[in-house]
Peer 1: 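Sending over a structure as structure tokens; questions will come in a sec.
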Amino acid sequence: AERLVMLGYTHPGKNLYDQYQHSEVFAPMKAPPDLHNRFIMEDIAYGLVTWADLGDLAGVETPLMDAFVRIASSIHGVDYFKEGRTLNNLGLGTLTAKQLLTYVNTGTCQ
């Protein structure tokens, strides 16, 4: 709460909820009216799917990411694991984790 005041986002309030509700910065922001909006669809398809795929490549389990992707897929009637941004549809699906790191750092897979 003190940090929000220091940064100029809010004025001092009786609690954090009160500060957000009366903030000139945050109060005007409204949540999307439903679950069919770009904030969910794009973040799932082009964010979580990609990160989960990178996790798979690196051998890191991503159970919460996977769960959110499955939930959004069910709500939207879209298989985001197939339709989203994967390493495969980025043309990077055949690379090993080491090759991908080399590519990110040098621009080549050599």
Peer 1: Please give me the minimum heavy-atom distance between Pro63 and Glu61, naming the atom from each residue.
Peer 2: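 Nearest heavy atoms, Pro63 then Glu61: CD-C, 3.4 Å.
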
Peer 1: Rounded to the nearest 0.5 Å, what separation is found between the CD atom of Gln99 and the OG1 atom of Thr102?
Peer 2: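 So the gap between those two atoms works out to 7.5 Å.
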
Peer 1: Report yes or no: do Leu4 and Val25 belong to one cluster of Ile/Leu/Val/Met/Phe/Trp/Tyr joined by side chain heavy-atom distances under 4.5 Å?
Peer 2: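 Yes, Leu4 connects to Val25 through the hydrophobic network.
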
Peer 1: Is the closest side-chain heavy-atom distance between Leu100 and Leu54 below 4.5 Å?
Peer 2: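 The answer is yes; the side chains approach within 4.5 Å.
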
Peer 1: When hydrophobic residues are tied together by side-chain contacts of less than 4.5 Å, even through go-betweens, does Tyr9 share a cluster with Met29?
Peer 2: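 Same cluster: Tyr9 reaches Met29 through Ile, Leu, Val, Met, Phe, Trp or Tyr contacts under 4.5 Å.
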
Peer 1: Look up atom CG in Asn88 and atom CG in Leu90, then write down how far apart they are to the nearest 0.5 Å.
Peer 2: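 Output value for this atom pair is 9.0 Å.
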
Peer 1: Please tell me if the side chains of Ile44 and Ile71 come closer than 4.5 Å, counting only heavy atoms from C-beta onward.
Peer 2: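 With C-beta onward as the side chain, the pair stays apart.
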
Peer 1: Would Tyr17 and Phe26 show up in the same hydrophobic cluster when neighbours are defined by side-chain heavy atoms closer than 4.5 Å?
Peer 2: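 Different clusters.
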
Peer 1: Quick test of your reading: applying ring-ring contact (aromatic ring centres under 6.0 Å, His included), list the pairs with at least one residue in residues 63-83, sequence neighbours left out, ordered by first then second residue.
Peer 2: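 Qualifying pairs, neighbours excluded: His36-His76, His76-Tyr80.
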
Peer 1: What is the minimum heavy-atom distance between Thr62 and Gly55, and which atoms define it?
Peer 2: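 The pair with the smallest heavy-atom distance is CG2-CA, 4.2 Å.
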
Peer 1: Please report the interatomic distance CG(Leu95) to OH(Tyr103), rounded to the nearest 0.5 Å.
Peer 2: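 Separation between the atoms: 8.5 Å.
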
Peer 1: Let me confirm one number: the OG1-CG distance from Thr96 to Leu57, rounded to the nearest 0.5 Å.
Peer 2: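 Between atom OG1 of Thr96 and atom CG of Leu57 there are 7.0 Å.
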
Peer 1: Please determine whether side-chain contact (heavy atoms from CB on, under 4.5 Å) holds for the pair Val5 and Gln19, giving the CA-CA distance in whole Å, both sets of side-chain angles, and the decisive distance to 0.1 Å.
Peer 2: CA-CA 9 Å; Val5 172; Gln19 285 181 256; 3.3 Å; yes

Peer 1: Ignoring hydrogens and angles, tell me if any N or O in the side chain of Asp66 forms a donor-acceptor pair with the backbone of Val69 under 3.5 Å.
Peer 2: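 Judged by distance alone, no pair lies under 3.5 Å.
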
Peer 1: Indicate, with yes or no, if Ile40 and Trp51 share a hydrophobic cluster defined by side-chain heavy-atom contacts under 4.5 Å among Ile, Leu, Val, Met, Phe, Trp and Tyr.
Peer 2: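 Looking at the clustering, Ile40 is in the same group as Trp51.
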
Peer 1: Where the side chain of Ser74 meets the backbone of Arg70, is there a donor-acceptor pair that is under 3.5 Å apart?
Peer 2: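 No, because the side chain of Ser74 does not come within donor-acceptor range (under 3.5 Å) of the backbone of Arg70.
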
Peer 1: Distance from His22 atom NE2 to Lys14 atom NZ, nearest 0.5 Å?
Peer 2: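 Atom-to-atom, His22:NE2 and Lys14:NZ are 7.5 Å apart.
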
Peer 1: When clusters are formed by joining ILVMFWY residues with side-chain heavy atoms under 4.5 Å apart, either directly or through shared neighbours, do Leu35 and Leu48 land in the same one?
Peer 2: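 Leu35 and Leu48: one cluster.
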
Peer 1: Look at the side chain of Asp53 and the backbone N and O of Thr86, then say whether any donor-acceptor pair between them is shorter than 3.5 Å.
Peer 2: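 Not at all, since once roles are kept as given, no pair shorter than 3.5 Å links the two residues.
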
Peer 1: Does some side-chain heavy atom of Arg85 sit less than 4.5 Å from a side-chain heavy atom of Val49?
Peer 2: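 Sidechains of Arg85 and Val49: no contact.
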
Peer 1: I'd like to know if the side chain of Thr10 and the backbone of Ser23 have a donor-acceptor N/O pair within less than 3.5 Å.
Peer 2: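 Flag not set: sc Thr10 to bb Ser23 has no pair under 3.5 Å.
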
